[in-house]
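These notes concern the structure reproduced below.
The chain is numbered in sequence order, starting from 1.
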Amino acid sequence: MEAVLFIGIQATGKSTFYKQNFFNSHVRLSLDLLNTRNKLQRFLQTCLDTQSKFVIDNTNPEVKDRLAFIDIAKQKKYKVVGYYFNSSLEEALKRNSQRQGKARIPDIGIKGCNKKLQLPTYSEGFDELYYVSILNNEFIISEWKNEI
């Protein structure tokens with residue numbers, strides 16, 4: 001059983017990364033899809049009850065945001081893996097400006113999330129941590145080194 005948490009500001013490729021790497025193996029839990037924390041919690045509980053693999057595809061910028069998911073996953077004996085989407089604010093704003101309709105997030109929302117963003121650490125309970133960056137429109141996954 002595996003719980004995956006994505007960490008990073010908006011417009012850094014998290015949902016696209018999910019589609020390319022986890023679509024066929026993990027349930028996607030996202031506030032963008034479910035709209036409320038209550039629905040997200042209900043779907044999470046279903047995954048836990050059925051021992052399904054899942055991805056939390058949210059920004060999860062602060063330790064407190066991640067701990068709620070990590071603690072419950074650990075109680076159910078899940079391996080917890082984190083992917084930190086390493087992107088500059090400027091790159092995220094540029095990608096966001098190319099989005100259309102509801103997919104485009106107000107710049108102030110991205111800037112606010114960026115201010116709250118805390119690097120993940122193994123001490124939070126992660127079993128594995130990785131950096132994800134984008135180079136020439138390709139995702140590059142690298143081992144965690146506790147720094148950017």
Side-chain angles (χ1 to χ4, degrees), residues 1-87 89 91-93 95-96 98-106 109-110 112-146 148:
M1 297 176 298
E2 182 176 72
V4 175
L5 273 77
F6 290 170
I7 303 144
I9 62 176
Q10 301 92 329
T12 55
K14 294 181 299 297
S15 295
T16 301
F17 186 80
Y18 167 82
K19 291 172 192 166
Q20 290 181 7
N21 295 280
F22 295 102
F23 181 80
N24 292 317
S25 60
H26 292 62
V27 175
R28 179 178 175 224
L29 304 176
S30 168
L31 283 172
D32 291 343
L33 293 174
L34 299 170
N35 300 316
T36 69
R37 294 201 181 278
N38 180 50
K39 285 184 194 174
L40 186 131
Q41 288 300 324
R42 291 173 66 192
F43 275 81
L44 172 61
Q45 191 60 53
T46 298
C47 287
L48 296 168
D49 291 345
T50 60
Q51 299 182 335
S52 299
K53 296 178 184 180
F54 62 89
V55 171
I56 304 294
D57 180 8
N58 294 332
T59 57
N60 299 308
E62 296 179 273
V63 172
K64 65 179 181 168
D65 301 316
R66 301 186 290 263
L67 283 180
F69 297 115
I70 293 169
D71 288 347
I72 195 165
K74 286 294 190 177
Q75 288 171 16
K76 297 289 187 171
K77 308 292 189 230
Y78 273 71
K79 177 172 108 175
V80 179
V81 181
Y83 288 87
Y84 175 78
F85 289 76
N86 191 17
S87 179
L89 177 60
E91 290 169 340
L93 290 170
R95 280 191 293 275
N96 185 56
Q98 297 166 352
R99 292 176 168 182
Q100 301 295 317
K102 290 184 179 182
R104 190 173 190 296
I105 296 150
I110 296 173
C113 186
N114 189 61
K115 285 181 184 177
K116 295 190 304 184
L117 188 61
Q118 298 172 320
L119 285 178
T121 64
Y122 279 104
S123 64
E124 293 174 49
F126 288 104
D127 295 299
E128 297 175 13
L129 272 171
Y130 300 96
Y131 289 100
V132 179
S133 55
I134 300 172
L135 182 63
N136 299 322
N137 291 322
E138 295 287 328
F139 290 109
I140 308 298
I141 303 167
S142 55
E143 294 289 324
W144 189 254
K145 295 180 184 74
N146 286 328
I148 295 182

- Value rounded to 0.5 Å, distance of CG in Asn96 from CD in Glu91: 13.5 Å
- Query: Are there more than 12 heavy atoms of other residues, nucleotides or ligands under 6.0 Å from atom CZ of Phe43?
  - Reply: no
- Inspect the surroundings of CZ in Arg42 and state if more than 12 heavy atoms from other residues, nucleotides or ligands are less than 6.0 Å away. no
- Message: Less than 3.5 Å apart, any donor N or O on the side chain of Gln45 or Asp49 sitting next to an acceptor on the other?
- Response: yes
- Does some side-chain heavy atom of Lys116 sit less than 4.5 Å from a side-chain heavy atom of Thr59? no
- Query: Do Asn21 side-chain atoms and Phe17 backbone N/O form a donor-acceptor pair below 3.5 Å?
  - Reply: yes
- Message: Could you tell me if Thr12 and Arg95 have a donor-acceptor pair between their side chains, going purely by distance under 3.5 Å?
- Response: no
- Query: What's the spacing between Leu129 CG and Glu143 CD if we round to 0.5 Å?
  - Reply: 10.0 Å
- Can you tell me how far the OH atom of Tyr84 sits from the OG atom of Ser87, to the nearest 0.5 Å? 8.5 Å
- Message: Under 4.0 Å between a side-chain nitrogen and a carboxylate oxygen: does that hold for Asp127 and Lys74?
- Response: yes
- Query: Roughly how far apart are Asp65 CG and Leu5 CG, rounded to 0.5 Å?
  - Reply: 10.0 Å
- Which is it for Phe22 and Phe54 under the ring pair (Phe, Tyr, Trp, His ring centres under 6.0 Å) test, yes or no, and what are the steps along the way? CA-CA 9 Å; Phe22 295 102; Phe54 62 89; over 10 Å; no
- Query: Rounded to the nearest 0.5 Å, what separation is found between the CG atom of Leu29 and the CG atom of Leu44?
  - Reply: 6.0 Å
- Message: Tell me whether the count of non-hydrogen atoms from other residues, nucleotides or ligands lying under 6.0 Å of CZ in Arg37 goes above 12.
- Response: no
- Message: I want to check something: taking the side chain as every heavy atom from C-beta on, are Phe126 and Trp144 in contact at a cut-off of under 4.5 Å?
- Response: no
- Contacts of Tyr18 meeting ring-ring contact (aromatic ring centres under 6.0 Å, His included) (sequence neighbours excluded), chain-then-number -> none
- Task: Answer yes or no: is there an ion pair linking Glu2 with Lys53, defined by an N-O contact shorter than 4.0 Å?
- Result: no
- Query: When you measure from the side chain of Gln118 to the backbone N and O of Glu62, does any donor-acceptor pair fall under 3.5 Å?
  - Reply: no
- Task: For Lys76 and Met1, run side-chain contact (heavy atoms from CB on, under 4.5 Å): C-alpha distance rounded to whole Å, both residues' side-chain angles, the deciding distance at 0.1 Å, then the answer.
- Result: CA-CA 9 Å; Lys76 297 289 187 171; Met1 297 176 298; 5.6 Å; no
- Message: Taking atom CD as the centre, does Gln51 end up with more than 12 heavy-atom neighbours from other residues, nucleotides or ligands that are less than 6.0 angstrom away?
- Response: no
- Query: Hey, are the side chains of Val132 and Asn86 touching, using non-hydrogen atoms and a 4.5 Å cut-off?
  - Reply: no
- Ile140 versus Ile134: any side-chain heavy-atom pair under 4.5 Å? no
- Message: To the closest 0.5 Å, what do you measure between OG (Ser30) and CG (Leu40)?
- Response: 7.5 Å
- Among Phe69, Phe85, Tyr130, the one residue meeting ring-ring contact (aromatic ring centres under 6.0 Å, His included) with Phe6: Phe85
- Asp57/Arg28 ion pair, N-O < 4.0 Å: yes
- Message: With a 6.0 Å cut-off (strictly less than), is the heavy-atom count around CG of Asn38, excluding the residue itself, greater than 12?
- Response: yes
- Query: Do Val55 and Val27 touch side chain to side chain, with heavy atoms closer than 4.5 Å?
  - Reply: no
- Item | Side-chain donor or acceptor of Arg66 paired with backbone N/O of Pro61 under 3.5 Å | yes
